[in-house]
Amino acid sequence: MNLRDRLEQIESLKKKVQQISNNRNQKNTFSKKSNNKSSVSEIVPGNTIETPHGNCFYAERIITPDTSFGENSLSDIQRYFTPGLHLWLPQFNRRGEEFKLEEMLFFDTETTGLAGGSGTYIFLLGLGFFRGEEFHIRQYFMSDYHEEEALLWGVNQLFGQGFKILVTYNGKSYDFPLLQTRYIMTRQPFHLNTSHHLDLLFPTRRLWKRRLQDCTLQNIEKEVLKIRRNGDIPGYLIPQVYFRYLLDKDARPLKPVFAHNQQDIISLVLLATRIGQVLEDPLEMVKSALDLCSIGKIFEGHRDFQYSSKCYEEALKCDLSDEEAVETLRLCAFAYKKQLKWDKAEAAWRDIISLSRDFSPYPYEELAKYYEHQKKDYGQAESIVEEALHRLNRENISGSVKTEWRKDLDHRLARIKRKKQREGFSCSEG
DNA sequence: TTTCGGCCCAAAATGGAAGT
DNA sequence: ACTTCCATTTTGGGCCGAAA
């Protein structure tokens, strides 16, 4: 989109907002409550602090950590966060670092758009942190563009308090770079000095993407954390609500925006807890076969093939469709092969052959490699490749793939036959 | 001893998805 | 729309055993 298009878009947005505002005013002339406008401090409890750049308002909510949300309470994080954390932050264990709960900072913003770059402002900056027996949610709010410097100055006071881990959802790509940009644009120092940034989006994807089609925080809340939002405002409406506030200064429609941001922060805590829980004891905690496969893959990435094969075995105990079972067996066989557990791998490959609806050369090739290179049983290698070729010829497979597969299998068969023949010679000679 | 083919792992390219 | 990061796929190099 070029600059002209963009300016036109902004112009038309302005008109729309003006229209909405006019409609409201018209309606309000018929209503007695008409001119009741609320300021932000009236709709959410909080404080105003003085800064060198003017006043800065923040809302504050304090929750006792044993308040429960869905299946967990905030204090559960103490027990579950640390184990399994090294899987995402490898430095954690290597350095032997231990983190205190109070050194974690949960962070989420509401902004004037998704575009990023220097034109997007953070108008609501929510932070969650533990202090003694309390969990604080503090939301810094900017009620007009000129208050940005004050907001950033105020937030810096909190940032300077020695937090070590920043916890976000997609914050690595969105919130954090945006925040940095705002400090640059206002020429202020940036006092947040967390040595680690844990972006929960990525562990979340790896753990649940197989089972859930999308990993938006909302969907994860619903499907994993089992929490329901009441009267939540969808994210895409948030900038519009703020733009209207800038014009009419009625803070009441912002109330759900503050609530949305609070809930996001609470969800960060709960999600970090849940991630810790499922990684600590997947075999007990996790009942879904797809999720167990996901966890197996995570341990595979850390070269723990013994544990990953345990996850896959557990998954195979679940009620699976043939296709799902084949996929799981495939993963499982790979883990066995890595452990040199050839007997188990062989059994898994054979199970794949008997369960598969459609032909795939994969299990045959694996078996052939095993017979040729491990067992040195060329006769068995030969017959498995011949079986594959036989099935390939019978089944209905599109041309280009079929010829590709046949080429590979023929090549393999020819080599095995050569080896077998030579072996025969040396036997008869010896 | 050298060369070649097969296998596996690591680095590099590609694609997709999340935030308001 | 925009950016960034990670996962997946593809490509290339090294290692090993077999053959000359």
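In what follows, chains carry the letters A, B, and so on, assigned in the order in which the sequence lines appear, proteins first and then strands, with residues in each chain numbered from 1.
When each of A/Thr111, A/Thr120, A/Thr168, A/Asp108 is checked for a side-chain hydrogen bond (donor to acceptor under 3.5 Å, both in side chains) with A/Tyr174, only A/Thr111 meets the rule.
Among the atoms of the strands shown, none is found under 4.0 Å from any heavy atom of A/Asp199. Counting non-hydrogen atoms under 4.0 angstrom, A/Lys297 reaches nothing in the nucleic acid. Residue-level contact check: A/Asn219 touches neither bases nor backbone, having no heavy atom under 4.0 Å from any strand. Residue contacts shown for A/Thr109 are limited to sugar-phosphate atoms, with no base heavy atom under 4.0 Å away. Residue A/Leu217 is in sugar-phosphate contact alone, with no base atom involved, counting any heavy-atom pair closer than 4.0 Å across all strands shown.
Going from atom CG of A/Asp214 over to atom P of B/dA17 covers 10 Å, rounded to whole Å. One interatomic measurement links the two molecules: NZ of A/Lys369 to P of B/dG6, which rounds to 12 Å at whole-angstrom precision. Distance, A/Leu207 CG to C/dA7 C1': 14 Å, rounded to whole Å. In this structure, A/Phe107 atom CZ and B/dT20 atom C1' are separated by 13 Å, rounded to whole Å. In this structure, A/Phe243 places its CZ atom 15 Å from P of B/dT20, rounding to the nearest Å. Per the geometry, CD belonging to A/Gln374 stands 14 Å off P belonging to C/dC16, to the nearest Å. Whole-Å rounding puts the A/Asn170 CG to C/dA7 P distance at 14 Å. Counting to the nearest Å, the C1' atom of C/dT3 and the CG atom of A/Leu179 are 16 Å from each other.
In this model, the phosphate group of B/dG5 is not approached by any side-chain N or O of A/His411 to a distance below 4.0 Å at OP1 or OP2. At least one side-chain nitrogen or oxygen of A/Arg415 sits closer than 4.0 Å to the OP1 or OP2 atom of B/dG6.
By the side chain to side chain donor-acceptor pair (under 3.5 Å) test, A/Asn230 pairs with A/Arg228, sequence neighbours left out.
Among B/dT20, C/dA18, B/dC7, the nucleotide with an atom closest to any side-chain atom of A/His373 is B/dC7. Listed nucleotides: B/dC8, B/dT20, B/dA18. Nearest to the side chain of A/Tyr169: B/dA18. Listed nucleotides: C/dA7, B/dG19, B/dA17. Nearest to the side chain of A/Arg205: B/dA17. Counting only heavy atoms from C-beta on, A/Lys172 has its side chain closest to C/dC6 among C/dC6, B/dC8, B/dG19. The nucleotide whose nearest atom lies closest to any side-chain atom of A/Ser173 is, among B/dT20, B/dG6, C/dC5, C/dC5.
The pair A/Glu366-A/Lys369 meets the salt-bridge criterion, since a charged nitrogen lies less than 4.0 angstrom from a carboxylate oxygen.
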Evaluate side-chain contact (heavy atoms from CB on, under 4.5 Å) for A/Leu279 paired with A/Leu207, printing each intermediate quantity in order.
CA-CA 9 Å; A/Leu279 288 175; A/Leu207 283 167; 4.2 Å; yes
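Residues A/Cys332 and A/Glu313 meet the side-chain proximity criterion, which asks for heavy atoms closer than 4.5 Å.
Cation-pi check for A/Arg182 over A/Tyr121 is met; the charged atom lies under 6.0 angstrom from the ring centroid and within 45 degrees of its normal.
Residue A/Lys209 is the one, among A/Lys209 and A/His260, whose nearest nucleotide of DNA chain B lies closer to the 5' end (criterion: closest heavy atom).
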